[in-house]
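This report refers to the structure that appears directly beneath it.
Convention: sequence-line order gives letters A, B, ...; per-chain numbering from 1. Source: prediction; values computed, not measured. No hydrogens, no waters, no symmetry mates; every other heavy atom, side chains included, goes into these values.
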Protein chains: 2
Amino acid sequence: MARCPTHRVLDRLGDKWVSLLLKELGEGPKRHSDLAHALAGASQKMLTQTLRGLERDGFVSRFVTPSVPVRVDYALTPLGERLLPVIHAMTLWAERHIEEIDAAQQAYDLLENSAP
Amino acid sequence: MARCPTHRVLDRLGDKWVSLLLKELGEGPKRHSDLAHALAGASQKMLTQTLRGLERDGFVSRFVTPSVPVRVDYALTPLGERLLPVIHAMTLWAERHIEEIDAAQQAYDLLENSAP
DNA sequence: CGGAATCCAAAGGGATACTG
DNA sequence: CAGTATCCCTTTGGATTCCG
């Protein structure tokens, strides 16, 4: 099951900062500092770590300009861009149903707290 | 960002056993013991915990038949069924591109191990 | 049979300091 | 500017045991 493609992809997409990162890079290539600014809540460690993971999967490419100081740009690969439509479908679905999920959670939590 | 619908849904879908569980329940209602059998690798704790999470989100419903011994059936709710199409789209995408991902990972790992 | 509780190991993730 | 390396706390998940 660790090799089930669906699970592998969802596992990556479920990483804390991946959805935001893909959203940013979906708009076009960005510098590391731009991404750091966009993902204000992410630690520098997690930003790099997440980018490495996406790079390893082939979703993101990394360009280093060896100036001083160094400049690093990230962009979606063709594979990464082909992922965008399904992400978009997920986003649309989530936005359309989030209120229903909220309602379900509140209802569930109410019952839990009333009968322990 | 913790309230971003996309992230919330992906976070749940990224849970270790969720994709398998939804796949099983997508085929129709199942007993707890059936699910336990299908998800052979999951501990009993994780199975129940995952089902509780999906129930709280409103994706899954739980029916208890108070016989002796007790019988518990799980099924997708209407909301859960509306989730199936996007899951299916993800599955399709993942199966179509998993080889490309594998290739990217192998290429990446080769470069890592050759220049540490 | 289904589940709750406990205990414990491993992975995730943040803060900080240091390097080229 | 971008990245690496620690340190440390939190979360996740598995094994086991006990309850209806």
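In this model, the phosphate group of C:dG2 is approached by a side-chain N or O of B:R31 to a distance below 4.0 Å at OP1 or OP2. Look at B:Y74 and you'll find a side-chain N or O under 4.0 angstrom from OP1 or OP2 of C:dG3. Side-chain nitrogen and oxygen atoms of A:S33 include at least one within less than 4.0 Å of the OP1 or OP2 phosphate oxygen of D:dA2.
With a cut-off of 3.5 Å on both pairing distances, the Watson-Crick and G-U wobble pairs of DNA chain C assemble into stems of 3 or more at C:2-20 with D:1-19.
B:R52 CZ: more than 12 foreign heavy atoms inside a 6.0 Å radius. Around CD of B:E99, the count of heavy atoms belonging to other residues, nucleotides or ligands within 6.0 Å does not exceed 12.
With sequence neighbours left out, the side chain to side chain contact (heavy atoms under 4.5 Å, CB included) criterion links B:Q49 to B:K45, B:M46. Residues forming a ring pair (Phe, Tyr, Trp, His ring centres under 6.0 Å) with B:H97 (at least two apart in sequence, or on another chain): B:W93.
Distance B:L39 CG to C:dG2 P: 14 Å, rounded to the nearest Å. Going from atom CZ of B:R71 over to atom P of C:dG3 covers 13 Å, rounded to whole Å. Between the CG atom of B:L51 and the P atom of C:dG2 there is a distance of 11 Å, rounded to whole Å. Atom CG of B:D73 and atom P of C:dG3 are 10 Å apart (whole Å). Rounded to whole Å, atom C1' of D:dA2 lies 10 Å from atom CG of A:L47. In this structure, A:R52 places its CZ atom 11 Å from P of D:dA5, rounding to the nearest Å.
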- Message: For a quick check, with a 4.0 angstrom heavy-atom cut-off, what is the B/S/- contact string for nucleotides 6-20 of chain D, read 5' to 3'?
- Response: B------BBB-----

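A:E95 and A:T91 are not linked by any side-chain donor-acceptor pair at a separation below 3.5 angstrom, with hydrogens and angles left out of the test. Side-chain atoms of A:T77 and A:E81 form no donor-acceptor pair, as typed in the model, at a separation below 3.5 Å.
Across all non-hydrogen atoms, the minimal contact from A:L79 to A:D57 is CD2-O, 3.8 Å. For the pair B:V86 and B:L83, the tightest heavy-atom approach, listed with the atom from each and the gap, is CG2-O, 3.0 Å. Looking at every heavy atom in both residues, A:H7 comes nearest to B:K16 through NE2-O, 3.1 Å.
A heavy atom closer than 4.0 Å to some atom of DNA chain C occurs in no member of residues 53-64 of chain A.
Put simply, B:L84 and A:I98 are part of the same group of oily side chains (I, L, V, M, F, W, Y) that touch within less than 4.5 Å, one to the next.
Listed by first and then second residue, the ring-ring contact (aromatic ring centres under 6.0 Å, His included) pairs involving residues 60-80 of chain A amount to none (not counting sequence neighbours).
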